[in-house]
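Report on the structure given below.
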Amino acid sequence: MRMAKLFGRTVREVPADAEFPSHQLMVRAAMIRPLGAGIYTLMPLGYRVVKKVEAIIHEEMDRIGGQELLMPFVHTADVWKETERYYQIGPEMARFEDRAGRDMVLAMTHEEVVADLLRTDVNSYKQLPQIVYHLQTKWRDEPRARGGLIRVREFTMKDSYSLDVDEAGLEESYEAHAEAYDRIFTRFGLDYIKVGADVGMMGGSKSEEYMAFSPHGEDVILICPNGDYAANREVAIYQQFPASDAEMLPLEEVETPNASTIQGVADYLDVPLEQTAKAVFFMAGEQFIFLVIRGDLEVNETKLRNALQVSDLVPATTEQIAAIGAVAGYASPIGVHDATVVVDESVAKARNLVAGANKEGFHVRNSNVGRDYEADLIADVAAAAAGHLCPVCGEPMVTRRAIEVGNIFKLGTRYTEKLGATYLDQNGKAQPVVMGSYGIGVGRSAATAVEQYHDDKGIKWPISIAPFHASLLSIGKDEDVIATTDALYAQLGAAGVEVLYDDRNERPGVKFNDADLIGNPIRLSISRKTLDAGEVELKLRSDDNSINVPLDGIAGHVRELVDGMLAELQPVG
RNA sequence: CGGGGCGUAGCGCAGUCCGGCAGCGCGCAGCGUUCGGGACGCUGAGGUCGGAGGUUCAAAUCCUCUCGCCCCGACCA
């Protein structure tokens with residue numbers, strides 16, 4: 001590609017609304033352009049990256065026997081009504097009516113459509129197992145789209161669906177995907193980890209996420225330094241604190257004026273946070289949830305939802321808190337009514353905690369579960385934090401932020417049962433197809449690579465997904481230089497090297513800076529000086545130094561360099 | 001959904017408090033000089049000031065409504 005003809009210009013100014021490096025750099029490098037919040041055009045340079053991401057995904061999906069198809073982006077609402085997600089999913093699903101007044105939705109995912117296909121096209125165990133996949137647009141109306149391609153509303157996702165006769169088959173399909181995903185993300189060059197994730201309460205039996213490390217990630221992962229455990233904070237467990245064997249002391253009311261926060265109480269009474277019990281209030285529909293947790297811990301709402309088997313959980317209002325007899329700021333379960341009391345294990349294992357007295361300005365010392373109040377449910381609902389002990393080996397865990405670039409999920413028969421997607425087994429008996437679903441964010445993977453590979457000058461693409469292998473710059477207006485660069489451009493192309501040729505009539509500084517910004521891994525520059533020496537300057541984007549190499553045989557040399565760089569990203573085995 | 005901020009030329013911004021010719025930098029076009037890390041000079045094109053309504057002799061500026069975009073929050077009472 002000749003840059004003089006390239007559609008899209010690089011820009012010097014950082015866009016005012018771009019926060020993340022990937023967002024800023026991809027806009028500046030003319031790879032993406034926003035149309036609206038969370039909606040982007042992929043410009044020619046950006047689309048080349050996405051095409052490479054997709055090509056790698058194709059190769060690896062085909063490798064495990066996946067068959068590509070293409071399911072529609074616009075769905076009739078019928079199938080979504082059959083699985084009831086039409087009613088369960090909120091405003092993030094776009095709904096509209098066609099001209100005849102039929103309910104329609106824009107695809108957020110394709111489980112329903114796959115299950116629908118099964119009804120007509122799979123009726124026998126002989127037709128299973130199968131893996132189907134596609135790369136298709138999704139629309140999810142996120143409450144807060146932000147961060148360029150990392151969190152968008154319209155995006156392309158690779159989603160695949162495994163179809164098996166039983167759990168054992170699903171296990172095989174799941175593992176095949178796990179292997180394919182490892183190969184895919186390795187080939188992207190991403191620094192990532194596979195972690196345990198929330199399976200949700202709806203039938204899924206196992207789910208894992210592929211998390212790429214980034215300080216701008218929206219997820220927090222707990223990691224055991226020994227490699228024994230890694231999980232999303234949404235579900236991360238930790239080795240529980242040892243149970244206290246202290247004597248239960250008599251309950252004692254103490255005045256705590258103006259100490260309405262747990263930290264304030266601990267400071268005022270001069271006790272550590274671990275010796276306090278704090279109250280957190282939720283409404284699960286009409287049910288009041290009174291949660292008690294150790295003062296130093298935070299609630300993990302996902303764990304709480306799972307423990308309670310509810311999907312709808314919102315913070316209670318001040319009025320609702322007062323209605324059960326609790327006093328906000330000075331609350332404890334002692335003496336409250338009409339509330340489901342959930343006690344975190346941290347509190348159940350502790351003794352003699354400071355808690356609220358349900359009286360403005362007062363707390364109690366030495367509260368104990370079972371003696372002073374009863375728990376309706378004792379469960380682990382605390383968010384794991386850095387320093388908490390690995391549930392496997394007991395080593396203190398660390399936390400890291402990460403971006404979810406893929407997930408694999410054992411769905412089971414949830415969708416196939418609801419939609420009646422059954423096959424006949426060897427005994428002629430109808431059985432629901434056992435499904436798995438597996439996603440990869442295409443644009444997000446590309447943007448995540450930028451998050452991981454950039455400096456203050458621009459992007460440093462891994463060669464596997466770089467828009468071009470090399471940038472070729474002609475330096476100066478010397479006609480010999482231009483003629484030589486033109487010739488080299490042709491030679492490189494013939495050698496199978498993808499080249500972005502900066503043939504613009506620009507000053508050297510402009511060309512160097514744009515080459516750095518766009519971030520192709522190899523840079524070749526020819527000037528009067530190098531030409532006189534019969535050489536080309538060769539510089540890697542990942543390296544600060546450049547070397548001059550002979551013009552003679554340069555195309556073959558670069559080709560070898562490209563192959564070598566690609567080989568480094570090949571998964572082992 | 002709650003709170004805050006911002007919409008002025010392709011991009012980044014000033015002007016708004018205190019109403020009175022719509023500006024600056026980058027980019028863009030032309031000419032000249034320059035040419036290995038975002039050059040310089042001169043000339044020029046480009047904006048119904050997000051939109052609608054109102055107040056006024058006069059509105060980017062004041063008032064009302066509306067649309068869009070961004071940030072924080074939406075567990076610790």
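Side-chain atoms are counted along with the backbone in the values below, which use heavy atoms only and exclude waters and symmetry mates. Lettering follows sequence order; numbering is per chain, from 1.
- Under 4.0 angstrom from either OP1 or OP2 of rC28(B) there lies at least one side-chain N or O belonging to R9(A).
- Only the C1' atoms considered, rA45(B) is 28 Å distant from rU61(B), to the nearest whole Å.
- Picking from rG25(B), rU34(B), rC75(B) the nucleotide with the shortest atom distance to the side chain of K477(A) gives rU34(B).
- Counting any heavy atom pair closer than 4.0 Å across all strands shown, I321(A) reaches a base atom.
- Within the structure, a side-chain polar atom (N or O) of R12(A) is placed less than 4.0 Å from OP1 or OP2 of rG27(B).
- Minimum heavy-atom separation, M211(A) to A402(A): CB-CB, 3.6 Å.
- With a 3.5 Å ceiling on both atom-pair distances, rG46(B) lacks any Watson-Crick or G-U wobble partner.
- When each of R504(A) and E13(A) is assigned the nucleotide of RNA chain B with its nearest heavy atom, E13(A) is the one assigned upstream, toward the 5' end.
- Within the nucleic acid shown, R528(A) has no heavy atom closer than 4.0 Å to any nucleic acid atom.
- rG53(B) is paired with rC63(B) under the criterion used here, namely a Watson-Crick or G-U wobble arrangement in which both key atom distances are under 3.5 Å.
- Dense packing is recorded around CD of E97(A), with more than 12 heavy atoms of other residues, nucleotides or ligands lying under 6.0 Å away.
- Of all nucleotides present, only rC6(B) satisfies the Watson-Crick or G-U wobble test against rG68(B), with each distance under 3.5 Å.
- Summarising the geometry, the separation between CD1 on I518(A) and C1' on rG37(B) is reported as 15 Å, rounded to the nearest angstrom.
- With rounding to whole Å, D344(A) atom CG is found 18 Å from rC75(B) atom P.
- Look at CD on E535(A): it is 18 Å from P on rG36(B), rounded to the nearest Å.
- The CD-P distance, from Q24(A) to rC11(B), rounds to 16 Å in whole Å.
- Across the C1' atoms, rC69(B) and rC11(B) are found 16 Å apart, a figure rounded to whole Å.
- Figure legend: cation-pi geometry between R33(A) and Y40(A) absent, as NZ or CZ is not positioned both under 6.0 Å from the six-membered ring centre and within 45° of its axis.
- Pairing for rC75(B) is absent, judged as Watson-Crick or G-U wobble with the two contacts each under 3.5 Å.
- Summarising the geometry, the separation between CD on E506(A) and P on rG36(B) is reported as 14 Å, rounded to the nearest angstrom.
- For R28(A), counting side-chain heavy atoms from C-beta on, the closest listed nucleotide (rA77(B), rG38(B), rC75(B)) is rG38(B).
- Under the 3.5 Å distance criterion, with hydrogens and angles disregarded, a donor-acceptor pair is assigned to the side chains of T340(A) and Q287(A).
- Counting non-hydrogen atoms under 4.0 angstrom, T530(A) reaches a base of the nucleic acid.
- Comparing the C1' positions of rC24(B) and rG32(B) gives a spacing of 25 Å, expressed to the nearest Å.
- For Y330(A) and F362(A), the ring centers sit 6.0 Å or farther from each other.
- One atom, CG of D502(A), and another, P of rG37(B), lie 15 Å apart when rounded to the nearest Å.
- As rounded to the nearest Å, rG50(B) and rG7(B) have C1' atoms that lie 6 Å from one another.
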**Asked** What string of B, S and - do you get for nucleotides 69-74 of chain B 5' to 3' if you count protein non-hydrogen atoms under 4.0 Å?
**Response** SSSBBS
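- Base engagement by K457(A) is indicated by at least one non-hydrogen atom pair under 4.0 Å involving a base atom.
- Of the P atoms belonging to rU48(B) and rA22(B), the separation is 13 Å, rounded to the nearest Å.
- For RNA chain B, the residues of residues 326-338 of chain A within the heavy-atom distance limit of 4.0 Å (strictly under) are A328(A), G329(A), sorted by number.
- The closest donor-acceptor contact from the side chain of S367(A) to the backbone of L353(A) lies under 3.5 Å.
- The closest donor-acceptor contact from the side chain of K303(A) to the backbone of A382(A) lies under 3.5 Å.
- A 3.5 Å limit on both hydrogen-bonding distances identifies no Watson-Crick or G-U partner for rG38(B).
- For an aromatic pair to be called close, the ring centres must be under 6.0 Å apart, and F241(A) with H388(A) satisfies this.
- Using a 4.0 Å cut-off, some side-chain N or O of R507(A) falls inside it from OP1 or OP2 of rA39(B).
- Residue contacts shown for N300(A) are absent, as no nucleic acid heavy atom lies under 4.0 Å away.
- rC72(B) and rG36(B): their C1' atoms are spaced 46 Å apart (whole Å).
- In this structure a side-chain-to-backbone donor-acceptor pair under 3.5 Å is present from R305(A) to L313(A).
- Whole-Å rounding puts the L313(A) CG to rC75(B) P distance at 9 Å.
- The I475(A) side chain lies nearest to rG36(B) when the options are rG38(B), rC75(B), rG36(B).
- Heavy atoms of V314(A) sit nowhere under 4.0 angstrom from any nucleic acid atom.
- Here, rA14(B) and rG2(B) have their C1' atoms 32 Å apart, quoted to the whole Å.
- Atom pair N513(A):CG and rA39(B):C1' shows a separation of 13 Å (rounding to whole Å applied).
- Taking the ring centre of Y501(A) as origin, the terminal cationic atom of R2(A) falls outside the region bounded by 6.0 Å and 45° from the ring axis.
- In this structure, D544(A) places its CG atom where only 12 or fewer heavy-atom neighbours from other residues, nucleotides or ligands lie under 6.0 Å away.
- Pairing for rC13(B) goes to rG23(B), judged as Watson-Crick or G-U wobble with the two contacts each under 3.5 Å.
- At a threshold of 4.0 angstrom between heavy atoms, the contacts of V11(A) with the nucleic acid are absent.
- The two residues E451(A) and S22(A) have their closest heavy-atom pair at OE2-OG, 2.6 Å.
- Going from the P atom of rG25(B) to that of rC17(B) covers 25 Å, rounded to whole Å.
- With rounding to the nearest 0.5 Å, the separation of CG in N368(A) from OG in S244(A) is 8.5 Å.
- When heavy atoms are screened at a 4.0 angstrom cut-off, A316(A) is found touching base atoms of the nucleic acid.
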